[in-house]
Amino acid sequence: MPKTFFITTAIDYTNSPPHIGHAYEKVLADVIARYHRLKGDKVFFLTGADQHGQKVQQSAAKAGVPPNEFVKGITQKFVDLWKQLDVKYDEWAETTSERHKKVVQGILQRLFDAGQIYKDKQAGYYSVRQEQFLTDKERGADGQFGPEWGEIEFREEENYYFRLSQYKDWLLAYLSKRADAIIPDFRQIELRNAVDRLSGDLCISRPKSRLDWGIELPFDKEFVTYVWFDALTNYISFAGYDPKIDNYERQPQEFRDRWSKDTLQIIGKDILVPAHGIYWLIMLHAIGFPDAQMPQLLVHGWWNLGGAKMSKSAGNIIDPFVLIEKYSADALRYYLMSDIVTGQDADFSEERLIERYNSDLANNIGNLANRTLNMIGRYLPDRQLRRTEALFESQSPVAGLLHRLSQKEIARSVSYFKRDMDGFDISVANGMPINLTLYCNGVIEEAAPWNLSKQSGTESKTLLASVLYHIAETLRIIAILISPVLPKAAHGIFDQLNWKMELSGGEQRFSLADAEWGRLPDGHVVGKPVPLFPRIEGT
RNA sequence: GCCAGGGUAGCUCAGCGGUAGAGCAGGGGACUCAUAAGCCCUUGGUCGGGAGUUCAAUUCUCCCCCCUGGCACCA
């Protein structure tokens with residue numbers, strides 16, 4: 001059953017424009033999605049925008065435009081960013097769409113009919129200014145609610161509740177059954193602890209008098225559903241889920257092809273508990289998903305700034321558009337994928353971005369491509385490669401070094417790359433193509449083609465051709481390995497090498513199956529060098 | 001307070017029982033095909049602190065300190 005690889009990200013809240021954290025999550029998902037395409041998997045990558053809710057309603061009112069217009073504007077900024085960042089998704093989720101609304105309402109109606117949703121009365125302190133009920137968490141050091149909440153009043157309000165707590169035992173059982181439900185594993189422990197303490201049901205509605213920018217409850221038009229059943233449902237509503245069918249096995253083929261236990265949902269650490277780890281998994285269970293079809297959650301960390309959290313109020317938001325403009329999409333993608341350990345937090349630093357770009361991309365990959373193509377142009381007639389392995393027979397010290405670029409060693413590098421990518425250790429996997437450039441540079445230094453070219457005799461000519469073939473061939477494999485993170489540069493290398501689709505015989509330009517030594521044919525004519533990564537000078 | 005994760009070279013991290021490693025940054029050198037890139041050599045650490053187990057601890061155990069996250073609680 002080679003299913004589609006289904007990958008999702010959190011959908012972004014259209015209350016304010018995107019920052020670097022949004023960019024990181026989507027690039028991470030995009031890189032994993034591209035890696036799967038590289039392996040030949042069919043991929044369904046879903047991302048989108050969360051457009052309902054109180055904060056949107058408030059921000060729209062503040063801006064003096066209707067919510068739907070406000071949402072359109074912000075959503076466009078996200079769409080623009082993904083385009084500029086080469087984030088290539090297969091489906092775009094917008095929670096205001098009709099398609100989504102139908103699924104949400106269908107699910108709610110089904111759960112309501114089954115007695116899983118009930119109406120109850122809530123009483124408590126309510127901030128008129130913030131339009132929300134206050135809990136003890138909001139109390140200040142003196143036990144009182146601070147002035148930031150404005151006028152406080154005691155209120156009673158009726159709402160609908162989902163019987164969350166009755167699923168607690170199921171969730172605990174599921175988590176103990178599946179060790180890799182959450183990645184990294186310490187997050188699973190955290191989640192487990194949180195589930196242990198779970199009590200009470202989940203409020204899923206807001207009276208329209210308080211919030212009307214949302215999806216109406218199908219069984220009570222005085223209410224809209226509040227965040228959970230709206231936002232979380234996107235993961236299935238845009239994947240072909242039929243809300244009328246309560247049995248996973250009878251869901252449309254299209255949906256079942258996509259959704260499985262291997263479905264990878266990428267989220268930030270702030271929304272594991274309780275949103276995804278508790279509410280979402282329980283929701284799926286409640287609407288009929290078997291344990292064998294529970295998705296896997298990949299929880300990433302945050303980019304901090306000088307050790308401090310990035311936040312709008314602190315005024316230390318990093319604007320991804322500015323960085324792309326300044327350094328290019330590939331540069332930003334590379335930095336975001338290489339200077340963080342998946343799951344951990346990292347510190348964002350523009351200096352580090354420049355450092356990594358210059359040393360890894362400009363000085364290693366870019367320069368290697370440049371010098372190789374330049375030497376081929378200078379030293380080989382008509383820019384034509386000659387495939388020969390004669391060097392292995394040679395007594396030359398170059399032979400020893402060249403061994404690292406042999407079929408066997410390349411295969412070993414590719415297998416390390418796969419191992420690390422499969423484990424989501426993107427930054428470690430990035431090290432493989434960089435290592436290959438180091439080997440290439442070592443071989444070039446040892447062989448010194450500029451000296452060989454001055455010598456006459458067939459042996460030095462053969463040696464020269466062999467070295468350049470090996471380097472060109474390794475460069476081609478480097479391009480494949482960097483393609484998930486650096487799609488533009490990978491295309492650039494392929495273009496300059498003149499590597500054509502016909503040569504691979506595959507359907508995609510980049511394929512891991514092509515990352516095998518010796519695919520460049522004898523007599524292959526390469527193109528001319530064009531700098532891939534111009535160095536970033538000064539600051 | 002409880003549950004996790006972390007504290008190793010200036011920076012980012014690997015190692016996790018046998019007298020400390022990588023990349024980058026810093027210093028020096030030989031070369032020239034190249035984006036003054038690359039290559040070679042090199043400076044630099046009492047592996048957070050203390051105690052214990054062991055022939056031997058960065059690596060295991062215990063205590064403590066600091067950072068990060070989650071949860072809870074008091075005022």
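Residue numbers start from 1 in every chain, and the chains themselves are labelled A, B, ... in the order their sequence lines are given, proteins ahead of strands.
Separation of the A:Trp499 and A:His524 ring centroids does not fall under the 6.0 Å cut-off. In this structure, A:Phe162 has its ring center closer than 6.0 angstrom to the ring center of A:Phe229.
Heavy-atom neighbours of A:Arg412 CZ from other residues, nucleotides or ligands within 6.0 Å: at or below the threshold of 12. Other residues, nucleotides and ligands contribute only 12 or fewer heavy atoms inside 6.0 Å of the NZ atom of A:Lys528. Shown here is A:Glu325, whose CD atom has no more than 12 heavy atoms of other residues, nucleotides or ligands within 6.0 Å.
Annotated stems with RNA chain B as a participant read B:1-7 with B:65-71, B:10-13 with B:21-24, B:26-29 with B:39-42, B:48-52 with B:60-64, given as range with range, by first number; only runs of 3 or more Watson-Crick or G-U pairs under 3.5 Å qualify.
Judged by a 6.0 Å distance limit and a 45° cone about the ring axis, A:Arg206 is positioned over the six-membered ring of A:Tyr226.
Between B:rU58 and B:rG48, the two P atoms lie 10 Å apart (nearest whole Å). The same atom, P, is picked in B:rU19 and in B:rG26; the two are 32 Å apart, to the nearest Å. A gap of 23 Å separates the P atoms of B:rC13 and B:rG17, to the nearest Å. B:rU59 sits 12 Å from B:rG50 when the P atoms are compared, rounded to a whole Å. Taking atom C1' on both nucleotides, B:rA20 is separated from B:rC66 by 24 Å, rounded to a whole Å. B:rC74 and B:rC24 have their C1' atoms separated by 48 Å, given to the nearest Å. Only the P atoms considered, B:rC62 is 38 Å distant from B:rU43, to the nearest whole Å. As rounded to the nearest Å, B:rC11 and B:rU46 have P atoms that lie 13 Å from one another.
The distance between atom NZ of A:Lys454 and atom P of B:rC31, rounded to the nearest whole Å, is 12 Å. As rounded to whole Å, 13 Å separates atom P of B:rU32 from atom CG of A:Leu452. A:Trp303 has its CH2 atom 10 Å from the C1' atom of B:rU12, to the nearest Å. To the nearest angstrom, P of B:rG70 lies 14 Å from CG of A:Asn193. One can place CG of A:Asp345 at 19 Å from P of B:rA4, the figure rounded to the nearest angstrom. Look at CZ on A:Phe533: it is 16 Å from C1' on B:rA34, rounded to the nearest Å. Atom OH in A:Tyr357 sits roughly 13 Å away from atom C1' in B:rA37 (whole-Å rounding). Residue A:Arg371 contributes atom CZ, which lies 11 Å from atom P of B:rC33 at whole-angstrom precision.
Distances from the side chain of A:Lys269 to the nucleotides B:rC33, B:rG69, B:rA4 place B:rG69 closest. Between B:rC13, B:rG70, B:rC33, one nucleotide has an atom nearer to the side chain of A:Glu190 than all others, and that is B:rG70. Candidate nucleotides B:rU12, B:rG38, B:rC13 were compared by shortest atom distance to the side chain of A:Asn363, and B:rG38 ranks first. Set against B:rG69, B:rA34, B:rU32, the side chain of A:Trp450 has B:rU32 as its closest nucleotide.
Comparing A:Glu355 and A:Leu532 by the nucleotide of RNA chain B whose heavy atom lies nearest to each, the residue mapping closer to the 5' end is A:Glu355. For A:Ile189 and A:Pro534, each mapped to the nucleotide of RNA chain B holding its nearest heavy atom, the one lying further toward the 5' end belongs to A:Ile189.
Considering A:Asp360, A:Asp425, A:Val485 as possible partners of A:Asn430, the one that fulfils the side-chain contact (heavy atoms from CB on, under 4.5 Å) test is A:Val485.
Under the 3.5 Å distance criterion, with hydrogens and angles disregarded, no donor-acceptor pair is assigned to the side chains of A:Tyr357 and A:Asp330.
Aromatic ring orientation, A:Phe348 versus A:Trp303: perpendicular (interplanar angle above 60°, classes split at 30° and 60°).
Contact annotation: A:Asn367 does not reach the phosphate of B:rG38 (side-chain N/O to OP1 or OP2, under 4.0 Å). Between A:Arg197 and B:rC2 there is no side-chain N or O to OP1 or OP2 distance below 4.0 Å.
If you check every strand for non-hydrogen atoms under 4.0 Å, A:Arg535 touches a base. Using a 4.0 Å heavy-atom distance criterion, A:Arg192 is classed as making no nucleic acid contact.
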Q: Give the C-alpha distance, both sets of side-chain angles, the deciding distance and a yes or no for salt bridge (Lys or Arg N to Asp or Glu O under 4.0 Å) between A:Glu190 and A:Lys269.
A: CA-CA 11 Å; A:Glu190 244 169 54; A:Lys269 63 183 187 178; over 6 Å; no
Between the protein and nucleotides 21-23 of chain B, are there any N/O to N/O pairs under 3.5 Å, and if so, what are the atom names and distances?
none

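Ion pairing between a basic and an acidic side chain is recognised when a charged N comes within 4.0 Å of a carboxylate O; A:Asp422 and A:Lys39 show such pairing.
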